[in-house]
Amino acid sequence: MKLSNYKNMPVKTNLLISLRKLDELSEEVINEVDILDLKDPVNGSIGAWGLEDIQEVIFRFKNKTQISATLGDIFVNDKFLVKLKQFDELNLDFIKFGLLSMNLNNLFDKIEFIRERKYKSELVCVVFVDIYDHLKLVNERLDLFYACGIKYIMLDTYYKNNGDLFNFCDIFYLKNFISKCKKFDIKIGLAGSLKENQIPEIMKLKPNILGFRSAICKFNKRMSEVDTRKLKKISRHFNLCNNKAIETAGA
């Protein structure tokens, strides 16, 4: 496998915004995002929407933005496979699933199951950096992700009251992890209670996706309503940093 000349390539980071219900959707919101993520925090860290509501979003917005949906906090592999098949029939751009297991020894079972099947949607494996040893083990087995066809990994936090991504991963660790993932042609998303003032530093890492929820909500609470003024402010700040990064890479 050849290491791509990624370091000097301009990288556009996509802005992902998580919405928890149909009432939060509007043309105004859609116009500010690259990826619309359907995730209901009431049902868990990556709680799933109902199928009918997902279908409604796809019907209304499929041609206007990329659409992602989360499978939910699923620890049982049989349930995971059934739900993944259901979601894959919805015509989503991305399906996010958590690297969750009842036993650490079986952490990569979901990845192995994916190897045996073909899916229409891009699968995004969410790795929770605040669950003991998960990120360390993933870092050691990126070859397995590559072999099984996983093209996206998103780093996130499972317990939302214990701090953000940077409470568990410093900037140097993230830089090295992203660089290693690129060697395996794995794209990287970063999430986990990220804040607007962290955007400039994060963008220097050239992630493929940055995900936000609490930062676009009233009172910075993920269960609160979306504040479109906050969303627009983050979108402007995000695009400014994106343009500067691309200009610098192309200089």
(message) Any non-hydrogen side-chain atom of Lys151 less than 4.5 Å from a side-chain atom of Asp185?
(response) no
(request) Decide side-chain contact (heavy atoms from CB on, under 4.5 Å) for Leu71 and Phe87; before the verdict, give the C-alpha distance in whole Å, the side-chain angles of both, and the deciding distance to 0.1 Å. (result) CA-CA 8 Å; Leu71 285 187; Phe87 274 48; 3.5 Å; yes
(request) Could I get the full list of salt bridge (Lys or Arg N to Asp or Glu O under 4.0 Å) partners for Glu140, not counting sequence neighbours? (result) Lys136
(request) State, to 0.1 Å, how close Ser68 and Leu92 come at their nearest heavy-atom pair, and which atoms those are. (result) C-CD2, 4.4 Å
(request) Check the pair Phe184 / Asp143 against side-chain contact (heavy atoms from CB on, under 4.5 Å), numbers first and verdict last. (result) CA-CA 7 Å; Phe184 290 94; Asp143 60 321; 3.9 Å; yes
Return all side-chain donor-acceptor pairs below 3.5 angstrom for residues 153-166, not counting sequence neighbours, or 'none' if the list is empty.
| residue | atom | partner | partner atom | Å |
| --- | --- | --- | --- | --- |
| Asp156 | OD1 | Lys160 | NZ | 2.9 |
| Asp156 | OD1 | Gly192 | N | 3.2 |
| Thr157 | OG1 | Lys160 | NZ | 3.4 |
| Tyr158 | OH | Asp73 | OD2 | 3.2 |
| Lys160 | NZ | Thr157 | O | 2.4 |
| Asp164 | OD1 | Phe166 | N | 2.9 |
| Asp164 | OD1 | Asn167 | N | 3.3 |
| Asp164 | OD2 | Lys195 | NZ | 2.8 |
| Asp164 | OD2 | Gln198 | NE2 | 3.1 |

(request) Answer whether the closest heavy-atom distance between the side chains of Ile35 and Leu15 falls below 4.5 Å. (result) no
(request) Inspect the surroundings of CG in Asp78 and state if more than 12 heavy atoms from other residues, nucleotides or ligands are less than 6.0 Å away. (result) no
(request) Output every pair passing salt bridge (Lys or Arg N to Asp or Glu O under 4.0 Å) with a member in residues 112-130, not counting sequence neighbours, ordered by first then second residue. (result) Glu112-Arg115
(request) Step through the shown structure and confirm whether more than 12 heavy atoms of other residues, nucleotides or ligands are within 6.0 Å of CE on Met102. (result) no
(message) Regarding Lys96 and Asp37, does a basic nitrogen lie under 4.0 Å from an acidic carboxylate oxygen?
(response) yes
(request) Please confirm whether the backbone N or O of Ser235 pairs with a side-chain atom of Asn239, one donor and one acceptor, at under 3.5 Å? (result) yes
(request) Could I get the full list of salt bridge (Lys or Arg N to Asp or Glu O under 4.0 Å) partners for Lys218, not counting sequence neighbours? (result) Glu225
(message) Please find the pair of heavy atoms, one from Ile186 and one from Phe145, that lie closest to each other, and give the distance.
(response) CD1-CB, 3.9 Å
(request) Apply side-chain contact (heavy atoms from CB on, under 4.5 Å) to Asn77 and list each qualifying residue two or more places apart in sequence or on a separate chain. (result) Asp109, Lys110, Phe113
(request) Measure the spacing between CG of Leu240 and CE of Met203 and express it to the nearest 0.5 Å. (result) 9.0 Å
(message) Looking at every non-hydrogen atom in both residues, tell me the closest pair between Ile58 and Leu90 and how far apart they are.
(response) CD1-O, 3.0 Å
(message) Can a side-chain donor-acceptor contact be found between Asn31 and Lys232 if the only test is distance below 3.5 angstrom?
(response) no
(request) Starting from the C-alpha separation in whole Å, work towards a yes-or-no answer on salt bridge (Lys or Arg N to Asp or Glu O under 4.0 Å) for Glu24 and Arg213. (result) CA-CA 12 Å; Glu24 293 185 339; Arg213 170 63 194 182; 2.9 Å; yes
(request) Give the cluster check for Phe94 versus Phe80: same hydrophobic cluster or not, with ILVMFWY residues linked at side-chain heavy-atom distances below 4.5 Å. (result) no
(request) Return yes if some donor-acceptor pair links the side-chain N/O of Trp49 with the main-chain N/O of Leu19 below 3.5 Å, else return no. (result) yes
(request) Hey, could you give me the CD1/CG distance between Ile234 and Asp227, rounded to the nearest 0.5 Å? (result) 9.5 Å
(request) Find out whether Val126 and Leu99 are in side-chain contact, i.e. whether some heavy atom of one side chain is under 4.5 Å from a heavy atom of the other. (result) no
(request) Quick one: closest heavy-atom pair of Ser18 and Leu16, and the distance? (result) OG-CD2, 3.8 Å
(request) Say whether, by atom type as modelled, one donor and one acceptor occur between the side chain of Asp88 and the main chain of Tyr119 under 3.5 angstrom. (result) no
(message) Can a donor-acceptor pair be found, under 3.5 Å and without considering hydrogens, that links the side chain of Asn208 to the backbone of Gly189?
(response) no
(message) What I want to find out is whether Asp93 reaches Lys62 closely enough, with some N-O distance under 4.0 Å, to be called a salt bridge.
(response) yes
(request) Enter the distance from Ile178:CD1 to Lys187:NZ here, rounded to the nearest 0.5 Å. (result) 13.5 Å
(message) Quick check against the 3.5 Å criterion: does Ser101 have a side-chain atom that pairs as donor or acceptor with the backbone of Leu104?
(response) no
(message) Could you check whether any side-chain heavy atom of Leu38 comes within less than 4.5 Å of a side-chain heavy atom of Thr70, counting everything from C-beta outward?
(response) no
(message) Could you walk me through whether Glu27 and Lys64 satisfy the salt bridge (Lys or Arg N to Asp or Glu O under 4.0 Å) test, starting with their C-alpha distance in whole Å, then the side-chain angles of each, then the deciding distance to 0.1 Å, before giving a yes or no?
(response) CA-CA 9 Å; Glu27 294 285 350; Lys64 298 181 179 180; 2.4 Å; yes
(request) Could you tell me whether the side chain of Leu174 reaches within less than 4.5 Å of the side chain of Ile202, counting heavy atoms only? (result) no
(request) Walk me through it: do Phe238 and Val33 pass the test side-chain contact (heavy atoms from CB on, under 4.5 Å)? (result) CA-CA 10 Å; Phe238 184 91; Val33 307; over 6 Å; no
(message) On a heavy-atom basis, which atom in Phe97 and which in Ile46 lie closest, and how many Å separate them?
(response) C-CD1, 4.0 Å
(message) Do Val138 and Phe108 have side chains that approach each other closer than 4.5 Å (heavy atoms only, starting at C-beta)?
(response) yes
(request) Answer yes if Phe128 and Ile74 sit in the same cluster of Ile, Leu, Val, Met, Phe, Trp and Tyr residues linked by side chain heavy atoms under 4.5 Å apart, and no otherwise. (result) no
(request) To the nearest 0.5 Å, tell me how far Asn220 CG sits from Ser214 OG. (result) 6.0 Å
(request) Measure from the side-chain N and O atoms of Thr13 to the backbone N and O of Pro207, and report whether any donor-acceptor pair falls under 3.5 Å. (result) yes
(message) In this structure, would Leu137 and Tyr146 fall into the same cluster of hydrophobic residues linked by side-chain contacts under 4.5 Å?
(response) yes
(request) Could you state whether Leu194 and Tyr173 fall into the same hydrophobic cluster, counting links through intermediate Ile, Leu, Val, Met, Phe, Trp or Tyr residues with side-chain heavy atoms under 4.5 angstrom apart? (result) yes
(request) Consider only side-chain heavy atoms of I, L, V, M, F, W and Y, link residues closer than 4.5 Å, and tell whether Ile171 and Val127 are in one cluster. (result) yes
(message) A side-chain contact here means heavy atoms from C-beta on lying under 4.5 Å apart; do Leu142 and Lys180 qualify?
(response) yes
(request) Would you mind reporting whether Lys233 and Glu196 have side-chain heavy atoms less than 4.5 Å apart? (result) yes
(request) Evaluate the criterion side-chain contact (heavy atoms from CB on, under 4.5 Å) for residue pair Ile209 and Ile188; output intermediate values, then yes/no. (result) CA-CA 6 Å; Ile209 299 171; Ile188 292 298; over 6 Å; no
(request) State, to 0.1 Å, how close Pro200 and His237 come at their nearest heavy-atom pair, and which atoms those are. (result) CG-NE2, 3.6 Å
(message) Going by salt bridge (Lys or Arg N to Asp or Glu O under 4.0 Å), name the residues that satisfy it together with Asp34, two or more places apart in sequence or in a different chain.
(response) Lys12
(request) To the nearest 0.5 Å, tell me how far Cys241 SG sits from Arg236 CZ. (result) 13.0 Å
(request) To the nearest 0.5 angstrom, please state how far the CG atom of Asn176 sits from the CG atom of Asn139. (result) 8.5 Å
